[in-house]
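Report on the following structure.
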Amino acid sequence: MRPTTAWLLGALCLAGTPATAAPQDDFDRCLATLQPQALRQGVSAAGFTGFTAGLTPDLSVLPLLDAQPEFTTPLWDYLAALVDSQRVDDGRARLVQHRDLLNKVSAQYGVDPATIVAVWGVESDYGRVFGKRPLLQSLATLSCNGRRQAFFRGELLALLKLLDAGELQADGLTGSWAGAFGHTQFMPSTYARIAVDGDGDGRRDLVASIPDALASTANYLAKAGWRTGQPWGIEVRIPAGFNPALAGRTQRKPLANWGALGIVPVGGGALAPAGLPADSNAALLLPTGAKGPAWLVFRNYDAIYAYNAAESYALAIATLADRLRGGSGTVAAWPTDDPGIGRRERRELQTLLLARGHDIGSADGMVGTATRRAIQVEQQRLGWASPDGRAGHRILTALRSAPLPPTQPTAMPTSTVFTLPSNHTRLVQSPAAPGAALPRVEGLSLANVQGFPAWKVDTPLASAAISVFGGQLLSYIPKGGQDVLWLSPTAQSLPTPIRGGSPVCWPYFGRQGQGGDVPSHGFVRNLAWTLQEAHREADGTVVLTLAPPALDNLGLRLSMQLRIGRTLEQRLVTENTSGQPISFTQALHNYFKVGDATRVDVEGVDGLTYLDKFEDYATPRVQQGDWNLRDARDPGRSDRIYTQAGGRYVLKDPTLKRRIEISTQGSRSLVAWNPGEAGAAKMPDVGAGWRNYVCLEAANAGPDVVTLAPGGRHVLQQTFSVAPL
């Protein structure tokens with residue numbers, strides 16, 4: 001179908017070598033030679049000129065032609081990245097979430113729901129990762145440079161026809177380096193031939209419409225020869241001394257012949273699985289040789305293979321589909337002493353590296369250059385003969401048990417108590433004028449939100465509002481959805497902190513160790529922040545960098561970055577500018593909008609220890625199941641700090657019929673708060689509104705205290721993504 005799995009280059013962090021930009025004149029001449037062919041295929045002259053005007057080459061895509069992960073990554077690493085526990089859990093949730101849609105699509109095209117969802121999961125991580133490269137630029141570059149120019153010219157012309165016909169919009173259209181795009185990463189020519197209207201709105205849209213994307217994927221597999229009710233393959237065991245030359249996808253034999261050669265299913269039973277005629281032909285796959293796992297594959301495997309012609313890719317789809325059906329995964333061991341690890345394990349590995357002082361950014365599960373270098377250092381420290389920087393099971397196991405290296409003794413602070421900065425009162429009473437020197441960025445403007453001056457952001461993917469006072473995220477609305485955040489309709493006038501949105505609590509949370517002479521939840525909630533930098537990415541995502549004013553005698557400096565696009569990403573960056581270690585706590589105090597707080601459930605806290613404010617944080621308790629306000633221990637209200645929290649939570653709201661996924665890094669605590677009816681009655685800016693929000697706060701709070709050495713830096717990050725329930 002296309003050259004590479006669209007998003008996996010980012011997931012495995014395969015980076016191409018920067019290339020020197022080609023002369024613009026050569027690029028323009030190449031595009032000019034394509035115009036007659038485009039006109040013959042029905043693209044209007046005005047359309048061709050308009051869509052190609054201003055295009056510049058991006059030669060960073062050329063090295064990726066020879067670095068496709070399907071052909072350069074060991075299969076055990078490839079499958080560990082794509083068929084990990086997180087993708088399985090998310091896929092099973094999507095099967096439930098879209099049950100009616102998937103049943104309808106399956107009945108129409110004959111492809112089972114698990115396979116459709118597996119394609120979605122591998123191609124874009126269920127719509128989370130579409131690719132950030134402008135489609136026109138990538139395809140135009142590949143049409144004029146490197147090998148396979150004829151193939152990419154065909155795709156560029158197909159894209160121009162779709163744009164000229166109005167089926168797609170050029171603004172913000174991004175995808176993989178090779179030109180695949182949308183939820184299930186169709187190439188433009190495939191889009192033109194195969195895409196269907198799955199939601200009945202009269203147009204095909206694989207970018208914004210999940211029904212269109214899933215129906216189109218099923219249509220593709222059906223046209224590729226999918227046979228309803230039949231399996232794709234079965235894992236088998238080969239006998240000792242078997243001739244591996246008999247293996248290969250195109251070397252078909254009747255099942256009886258394979259049985260006569262001593263091949264048996266790993267789980268026992270008949271060689272012909274349920275739903276497959278006993279006289280069927282099959283091919284034997286030994287993708288890692290005779291010592292690794294083996295499969296007999298049937299006609300449906302070929303249909304999957306047609307989607308992207310690589311054995312590793314087809315096995316990823318097929319084995320993920322099996323896991324989504326409840327299977328336990330590949331039985332035979334890989335022929336390696338260092339199997340690959342999934343995203344949760346990679347995040348754990350990065351957390352262990354951060355604890356050892358490596359400056360690798362956040363534990364985000366993306367293994368890049370900094371992480372690989374840190375792994376090499378640890379491999380050398382452990383005395384490994386060949387430190388290769390690879391993120392595998394062996395180094396993870398070693399660091400789990402290895403003691404932390406000795407550090408230089410430092411004078412550690414004894415508390416998180418801060419005194420009021422000498423200029424704080426003046427800054428509250430005489431704030432700087434908001435909006436000075438507003439950057440000229442498309443979609444960025446000043447607005448008034450319930451009387452509060454705010455920076456307003458409008459993108460093709462979402463909109464948001466950020467209060468000048470407190471740097472407080474007031475609103476985040478994904479395209480076609482409703483606000484993720486609750487903002488009190490009775491929020492009090494400044495300088496009272498704004499109730500709702502996502503207040504920044506810093507450099508302390510609550511009154512942790514503080515006296516009554518300082519404001520609750522930190523110093524920056526009612527100060528006027530400044531917008532330091534803003535830019536717009538290729539897909540329309542807007543990135544803002546903000547900071548509060550400098551505070552006298554504090555020794556800490558704060559800045560915040562917001563990425564407003566298909567997801568909302570927020571990063572708090574704290575730096576120690578003093579000559580002494582400083583300890584602090586903090587939180588992003590998110591008020592998530594819900595239909596009825598008493599019906600909401602939150603996944604991701606089962607088994608965690610929590611401290612309860614209503615018990616004066618005296619007795620650690622263990623969470624049983626999901627969090628909700630129906631808990632018999634604390635009915636109708638909650639004020640808990642979950643400790644050693646995992647960093648990924650899902651808020652399920654049956655009233656608004658949506659799920660909000662919250663992922664955090666740099667945080668080992670989660671605060672779950674709602675005052676309940678009695679508590680809210682005492683709050684003039686809450687009242688009856690308590691039913692309309694749930695606070696889930698990415699935090700360093702309670703025992704999770706951050707200590708920064710002089711010159712040290714800490715990042716607290718959270719990401720929101722929204723999907724239908």
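The first residue of the sequence shown is numbered 1, and numbering continues consecutively from there.
- Scored by the ring-ring contact (aromatic ring centres under 6.0 Å, His included) test, H393 finds no partners at all (sequence neighbours excluded).
- Under the 6.0 Å cut-off for aromatic ring centres, Y307 and Y220 qualify, their centroids lying closer than that.
- Ion pair D89/R94 not flagged as a salt bridge, since none of the NZ, NE, NH1 or NH2 atoms sits closer than 4.0 Å to an Asp/Glu carboxylate oxygen.
- In this structure, the side chain of S216 engages the main chain of V196 through a donor-acceptor pair within 3.5 Å.
- Using a cut-off of 4.0 Å between Lys/Arg side-chain N and Asp/Glu carboxylate O, D388 and R390 are scored as not salt-bridged.
- Comment: R325 engages D322 in a salt bridge, judged by a side-chain N to carboxylate O separation of less than 4.0 angstrom.
- Of the charged side-chain nitrogens involved, none lies within less than 4.0 Å of a carboxylate oxygen, so that R204 and D197 do not count as a salt-bridged pair.
- Considering every non-hydrogen atom in both I341 and A391, the closest pair reads CG1-O, 3.7 Å.
- Within 6.0 Å of CD on Q251 lie more than 12 heavy atoms contributed by other residues, nucleotides or ligands.
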Item to complete: Go through the steps for F181 and Y191 under the test ring-ring contact (aromatic ring centres under 6.0 Å, His included), then give the verdict.
Response: CA-CA 9 Å; F181 65 104; Y191 194 110; 5.3 Å; yes

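- Side-chain contact check for L461 versus T541: some heavy-atom pair is nearer than 4.5 Å.
- Between the side chain of R147 and the main chain of L65, a donor-acceptor pair closer than 3.5 Å is present.
- Not one N or O on the side chain of R237 forms a donor-acceptor pair closer than 3.5 Å with the backbone of V264.
- S189 OG to L156 CG: the interatomic distance, rounded to the nearest 0.5 Å, is 11.5 Å.
- Taking a 6.0 Å sphere around NZ of K161, one finds it holds 12 or fewer heavy atoms contributed by other residues, nucleotides or ligands.
- A cation-pi arrangement is absent between R249 and Y301 under the rule of less than 6.0 angstrom and at most 45 degrees off the ring axis.
- By the side-chain hydrogen bond (donor to acceptor under 3.5 Å, both in side chains) test, R227 is found to be paired with no residue, residues two or more places apart in sequence or in another chain being considered.
- Checked by atom type and distance alone, the side chain of D601 never pairs as donor or acceptor with a backbone atom of D626 at under 3.5 Å.
- The existence of a salt bridge linking D58 and R133 is confirmed by a sub-4.0 Å separation between a basic side-chain nitrogen and an acidic carboxylate oxygen.
- For the residue pair Q350/T371, the side-chain donor-acceptor check at 3.5 Å is satisfied.
- Remark: the T115 side chain and the D112 side chain contain an N/O donor-acceptor pair separated by less than 3.5 Å.
- Nearest heavy atoms, Q230 versus P277: NE2-CD, 4.0 Å.
- In this structure, R566 satisfies the cation-pi test against F130, with its NZ or CZ atom closer than 6.0 Å to the six-membered ring centre and inside 45 degrees of the ring normal.
- Between the side chains of R344 and S85, a donor-acceptor pair is found at a separation under 3.5 Å.
- The two atoms that bring V111 and A222 nearest to each other are CG2-N, 4.2 Å, heavy atoms only.
- Contact record, I263 with L271: O-CD1, 3.8 Å, taken as the closest heavy-atom pair.
- Using a cut-off of 4.0 Å between Lys/Arg side-chain N and Asp/Glu carboxylate O, R648 and E661 are scored as salt-bridged.
- Considering every non-hydrogen atom in both T319 and W295, the closest pair reads CG2-CZ2, 4.5 Å.
- Contact check on D302 versus R252 returns a salt bridge, with a Lys/Arg side-chain nitrogen under 4.0 Å from an Asp/Glu carboxylate oxygen.
- T141 places a side-chain N or O within donor-acceptor distance of the main-chain N or O of Q137, the cut-off being under 3.5 Å.
- Under a 3.5 Å cut-off, the side chain of D212 and the backbone N or O of D199 do form a donor-acceptor pair.
- Looking at heavy atoms from C-beta onward, L382 lies in side-chain contact with I395 at the 4.5 angstrom threshold.
- Between D84 and R346 there is no salt bridge, since none of the side-chain N atoms of the basic residue sits less than 4.0 Å from a carboxylate O of the acidic one.
- F242 meets the ring-ring contact (aromatic ring centres under 6.0 Å, His included) test with no other residue; sequence neighbours excluded.
- Of the N and O atoms on the side chains of T184 and E123, not one donor lies less than 3.5 Å from an acceptor on the other residue.
- The shortest heavy-atom contact between L62 and L142 is CD2-CD2, 3.8 Å.
- Between W120 and Y126, the ring planes are perpendicular. Angles over 60° get that label, and only those under 30° would be called parallel.
- Side-chain contact, R347 with Q86: a donor N or O sits under 3.5 Å from an acceptor N or O.
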